[in-house]
S.K.: 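Handing you this structure, nothing more for now.
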Amino acid sequence: MNAEQGKRALDEEKVTGFEPFAFSDSRLLILGSFPSVKSRALGFYYGNPQNRFWKTVCGFFHEDVPADVDGKKDFLRRRKIALWDVVTACSITGSSDASIREEETADVAALLRRCPVEAVLCNGKTAYSLLMRGEALPVRTVCMPSTSPANPRFSADIWRAELTRVFGDQR
């Protein structure tokens, strides 16, 4: 093993993501790729304060972003939004989707059998492409622009349009 391979072996570790956050009345499932380092440290989805996820989704409903994880969970319950990641475990360097290896993927179809989800929004191309490797889902599945701060092509308008398709106009 050369020095670069040794460094990569130290940087990469097999890690496990989160369980789905869903309820029997969830209407929308938002799938990410895999939790970031900051999310894993926090213990809940979209923990990086620079990620636009919470601002976008809470803003759609004209609500402030909750200050803590319990507030975010309450928001999701009230708004009937489920969260999960396509990758449930993998080797990854930092938070880089491009470095995901040896991935284990979620059984999204099984989750959809338990919840009346009307649509699945994949938060970014990685989530979408990994999801599309599996069985076809019985609901509309959309590749959304990633809310990651690393995505310069993020569009809140696209998110608003898709959220409106599920929840109606919130004006």
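What you see below is based on every heavy atom in this structure, not just the backbone, and it leaves out hydrogens, waters and symmetry mates.
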S.K.: Is the backbone of C90 close enough, under 3.5 Å, to the side chain of R101 for a donor and an acceptor to pair up by distance?
M.R.: no
S.K.: Quick check: does any side chain N or O of T88 sit under 3.5 Å from a backbone N or O of E104, one acting as donor and the other as acceptor?
M.R.: yes
S.K.: If you take all heavy atoms of A119 and L28, which pair is closest and at what distance?
M.R.: O-CD1, 3.4 Å
S.K.: Is there a side-chain contact between P145 and R153 (heavy atoms, below 4.5 Å)?
M.R.: no
S.K.: Please walk me through it: do F34 and R40 pass side chain to side chain contact (heavy atoms under 4.5 Å, CB included)?
M.R.: CA-CA 9 Å; F34 192 74; R40 295 190 309 263; 3.6 Å; yes
S.K.: Applying a strict under-4.5 Å side-chain criterion to I, L, V, M, F, W and Y, I'd like to know whether V57 and I158 cluster together.
M.R.: yes
S.K.: With no hydrogens and no angle check, is any side-chain donor or acceptor of D85 less than 3.5 Å from a backbone partner on V87?
M.R.: no
S.K.: Suppose we call two aromatic rings close when their centres sit under 6.0 Å apart. Are F23 and F21 close by that rule?
M.R.: yes
S.K.: Going by ring-ring contact (aromatic ring centres under 6.0 Å, His included), name the pairs with one or both residues in residues 70-103, residues two or more places apart or in two chains.
M.R.: F61-F75
S.K.: Taking all atoms of both residues into account, what is the closest heavy-atom pair of A22 and A82, and its distance?
M.R.: CB-CB, 3.6 Å
S.K.: What are the two closest non-hydrogen atoms of A127 and V86, and how far apart are they?
M.R.: O-CG2, 3.4 Å
S.K.: Given side chains that start at C-beta, do those of W159 and L121 come closer than 4.5 Å, heavy atoms only?
M.R.: yes
S.K.: CZ of F53 to OG of S146: how many Å apart, nearest 0.5 Å?
M.R.: 11.0 Å
S.K.: Counting neighbours of CG on D107 that are heavy atoms of other residues, nucleotides or ligands and sit closer than 6.0 Å, is the number greater than 12?
M.R.: yes
S.K.: Quick check: closest heavy atoms across K80 and F167, and the distance to 0.1 Å?
M.R.: O-CZ, 4.3 Å
S.K.: Please list, one pair per line, the donor and acceptor atoms closer than 3.5 Å that link side chains of residues 130-141 to other protein atoms, with sequence neighbours excluded.
M.R.:
| residue | atom | partner | partner atom | Å |
| --- | --- | --- | --- | --- |
| R133 | NH1 | E103 | OE2 | 2.9 |
| R140 | NH1 | E162 | OE1 | 2.4 |
| T141 | OG1 | V139 | O | 3.1 |

S.K.: Can you name the nearest heavy-atom pair linking N51 to S148, along with the distance?
M.R.: ND2-CA, 3.7 Å
S.K.: For the OG1 atom of T56 and the CG atom of L163, what is their distance to the nearest 0.5 Å?
M.R.: 8.5 Å
S.K.: Of the non-hydrogen atoms in G47 and L42, which two are nearest, and what is the gap between them?
M.R.: CA-CD2, 3.7 Å
S.K.: Could you list the residues that satisfy ring-ring contact (aromatic ring centres under 6.0 Å, His included) with F18, not counting sequence neighbours?
M.R.: Y45
S.K.: Once you round to the nearest 0.5 Å, how far does CG of L83 lie from CG of N123?
M.R.: 9.5 Å
S.K.: Please examine the side chains of K125 and C143, heavy atoms only from C-beta on, and report whether any two atoms are closer than 4.5 Å.
M.R.: yes
S.K.: For E118, does its backbone N or O pair with a side-chain atom of R27 as donor and acceptor, under 3.5 Å?
M.R.: no
S.K.: When you measure from the side chain of K72 to the backbone of F44, do you find a donor-acceptor pair of N or O atoms at a distance under 3.5 Å?
M.R.: no
S.K.: Roughly how far apart are S39 OG and N48 CG, rounded to 0.5 Å?
M.R.: 7.0 Å
